[in-house]
Amino acid sequence: MHLTAVSLAFVAALSSALAVGPWRATTYDFDDSSGLGRQYDGIGGLSGGGATSKLLVNYPEKERNEILDYLFKPNFGASLQILKVEIGGDAQSTDGTEASHMHNSWDENYQRGYEWWLMVEAKKRNPNIKLYCLPWGFPGWVGQGSRNPYQVPEVTADYIIRWINGAKTVYGLTMDFVGIWNERPYNSTYIKTLRKMLDARGFSNTRIVAPDGAWTISKDINKDPALAAAVDYIGCHYPGTLSTDDALKTGKQLWASEDYSTYNDEVGGGCWARILNKNYAVGRMTATISWNLIASYYNPLPFFRDGLMTAVEPWSGNYNVDTPIWLSAHTTQFTQVGWKYLEHGAGVGLLEGGGSYVALVSPDKKDFTIIVETMSHNHSLCIRPPLPAYDVVPQTMNIQLKGSFANIKELNVWYSKLGFDGQQSIMFQKKDALQLKNGMGSASLGMDEVYTFTTVTTGDKGQYDAPPPSKSFPLPYSDNFDNYTLSTEPYNLAPQVGSFEVVNSSDATHKLIVRQTVINDPIEWCPLSLVFPMALGGNGSWSDIYVEVEALVGKVNATDGVFVAARVQNGGCQSYSAKGIFFFVFPAQQYYIISYDLARTQQISSGAVSSEVMDWNKISLLVTGTTIQGQVNGKSVFNIQAPKMTKNGFVAIGTDTYGLADFDNFMITTASDGRRIMRENEERAHAKAKHTLYFEPEKH
């Protein structure tokens, strides 16, 4: 990777910072006389990659609307300008799987998943928000007999365009941008094919962002005019505020199409504030998108709280409005997509005392905004990449407006300061206007601060009453799935492998049920193949717990076995190595397996199921201390010691391989309730056996 000239200037400024001091006032010109810089494309959040908004869907309506307002409502909170979503591919993509609109080539369904709903809600609040879609994984059939989504480019392009068309025809949503394959190799032939087919099907306004990985595509774009014509934006992930000479030579708009991914405390807020400015000041990136939009997935799934805000308790309604929300507002509430940056050295650059500044102007030049950040090194560390050392010191910034801005008399001021060492953070506070004389005004800048100086008068810090207090996952918990909309996911079960969706039951004894629907290995995004479908839920700290579910193994495209589990650890891409207590039942073989792991490499016990095995079978598991007990249809199968089991974890249901299986009447409760339920089950089973013994009809 080659540093740009701006990057070298950044390094030089840091070196100067170490050599000179104490700091005196420095004057910075803001002047459009010699022209303007690049067009501003917006700040956004990413829902997906994967299942990061999972728990938001079933929040109480009041709190859910409040959360959505903090994210999307203009002049209220983060006021996001881009929403990027995952095109679900039935594959694990970080914190869960998201359902494909086409599990199989003969199947097409646009009710699955929650990204549709989220985009609709975002558009309700901000009709001008830009929408951007990208796949992480693909259903296996897309590979046409291979594990390669580019095997037949037309097939994959058709699959993606069907999703884009579904968004338009079913929900009235226009996709502004589409990506290629998240953080995986791009294919030039596929990109050109996608562009051609988008145009042919009426989606010429849906622009392509590529590759959603590194800057490496830039060299190919510079060599291949057809590829250059197909790619509209170059999207890099976690660029560390740096672009490359090759990327700049393309003349394309450069995006940090995924960035941040950092725990959303004060340091995380510092990371976000720093990269929002320096992605342009250093790397000339005109859009920055946070992974993720909202941390709304179970703790301790991977990258917990790496979102702009946090909402992980739909059962209580509790949520947190975290620092990145207000640090986003410093830019988003005072700019719009389509504004222009000023040129470097004339309104964009690095502060002599450390930090950065960017200025933007509206197309009609009636509105003008400056954003300044002074994030110190240790208080703005992002999760990746490593941040080179630098210093920030208190300093005075003299703002000199020239050109079209010379006659501005005052600038509205918004201020944030991140609190450390026991100090409270000050977030998005309106200050007295900065008075200008002959276009000149001064501001004293401390460390870990953000200032917005603007002519825009509509900024506002939205606020709702405090959300309800935090509560643990409620027990007992039960779900018969009868009140769901068809094709949706069960609310509090988070698929980690496979896809679990509500469907109609085929028999009269059950109404709506949950079906594991993936029948073949998907084209994975995770580096290791995941082949044991599993949906987990509850509380990752549970130890002694009881869980039961009714399960049916189908007769066509079916799996062989089903399981319930407790104390489950390791979700996400590590699901293949999930540990816990897994109770597998194979109805056709009337056989069971107990294992310490999902992959069944550490089996504890196995044997015949002595109870009568039916179509629908109730599978029950009780874990207390180091003792595990299991029942099938109310009759005991085992009561044994498992001294090597994990100490705590989630509960889960799932299947032993990809293939269809149905679930109903899912229940979780305390160990004490579980002991009572198992005892009553045994009594009923014993009574039924006696009744059968004494009243069995004579055989003729």
Side-chain angles (χ1 to χ4, degrees), residues 1-4 6-7 10 41-50 52 80 82 84-86 93-95 132 134-136 177 179-186 209-218 233-248 252-265 267-295 302-308 324 327-328 356 373 375 377-390 525-527 572-573:
M1 180 177 287
H2 301 289
L3 296 180
T4 66
V6 177
S7 307
F10 177 45
D41 292 320
I43 291 171
L46 198 171
S47 174
T52 52
L80 294 175
I82 304 170
K84 182 178 180 180
V85 302
E86 177 177 353
S93 51
T94 300
D95 288 291
Y132 175 3
L134 172 70
W136 268 249
F177 313 106
I180 305 305
W181 187 12
N182 183 74
E183 295 175 355
R184 294 296 176 262
Y186 63 88
V209 183
D212 270 302
W215 296 117
T216 50
I217 197 173
S218 304
Y233 302 85
I234 301 178
C236 182
H237 289 191
Y238 308 97
T241 74
L242 304 176
S243 57
T244 65
D245 289 339
D246 284 327
L248 291 169
K252 303 287 184 184
Q253 293 282 85
L254 309 181
W255 285 11
S257 55
E258 182 178 323
D259 214 336
Y260 181 58
S261 185
T262 300
Y263 192 85
N264 57 23
D265 59 3
V267 172
C271 158
W272 186 234
R274 176 175 57 80
I275 64 178
L276 286 181
N277 259 28
K278 287 184 177 174
N279 274 351
Y280 188 75
V282 177
R284 286 184 164 86
M285 285 165 267
T286 57
T288 298
I289 298 173
S290 167
W291 188 90
N292 50 65
L293 170 74
I294 182 167
F303 306 106
F304 182 65
R305 273 188 62 177
D306 284 15
L308 298 178
L327 296 166
S328 303
S356 64
E373 62 81 22
M375 295 298 128
H377 179 276
N378 290 348
H379 292 162
S380 66
L381 295 168
C382 300
I383 194 171
R384 66 179 76 89
L387 181 62
Y390 68 91
W525 179 78
C526 294
C573 286

What's the separation between atom [atom1] in [X] and atom [atom2] in [Y], rounded to the nearest 0.5 Å?
X	Y	atom1	atom2	result
Ile217	Ile180	CD1	CD1	7.0 Å
Asp259	Leu46	CG	CG	11.5 Å
His377	Leu387	NE2	CG	4.0 Å
Trp291	Ser257	CH2	OG	14.5 Å
Trp136	Glu183	CH2	CD	7.5 Å
Asn279	Ile289	CG	CD1	11.0 Å

Minimum-distance pair of heavy atoms, taken over all atoms of [X] and [Y]:
X	Y	value
Pro135	Gly179	CD-O, 4.0 Å
Ser290	Asn292	OG-O, 3.1 Å
Glu373	Ala273	CG-O, 3.9 Å
Gly235	Pro211	O-CD, 3.4 Å
Pro324	Gly269	CG-CA, 4.3 Å
Pro239	Met285	CG-SD, 3.5 Å

Residue pair [X] / [Y], side-chain heavy-atom distance below 4.5 Å:
X	Y	answer
Thr241	Arg274	yes
Leu80	Leu293	yes
Asn182	Glu258	yes
Trp181	Asp212	no
Asp306	Tyr260	no
Cys573	Trp525	yes
Ile383	Phe303	yes
Lys252	Ser218	no

Open item on the list: According to side-chain contact (heavy atoms from CB on, under 4.5 Å), who are the partners of Tyr233, at least two apart in sequence or on a separate chain?
Closed with: Asp41, Phe177, Arg207, Val209, Gln253, Trp255
Task: Test side-chain contact (heavy atoms from CB on, under 4.5 Å) applied to Ile294 - qualifying residues, sequence neighbours left out - done: Ser53, Leu56, Ile67, Leu71, Ser296, Met309, Ala311
Open item on the list: Under a 3.5 Å threshold, yes or no: a donor from one side chain and an acceptor from the other, between Thr262 and Trp272?
Closed with: no
Task: Criterion side chain to side chain contact (heavy atoms under 4.5 Å, CB included) against Trp215, the qualifying member of Leu254, Asp245, Leu242 - done: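 Going through the options one by one, the only one that passes is Leu254.
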Donor-acceptor contact present, side-chain [X] to main-chain [Y], <3.5 Å:
X	Y	answer
Asp95	Thr52	no
Ser380	Gly270	no
Glu86	Gly49	yes

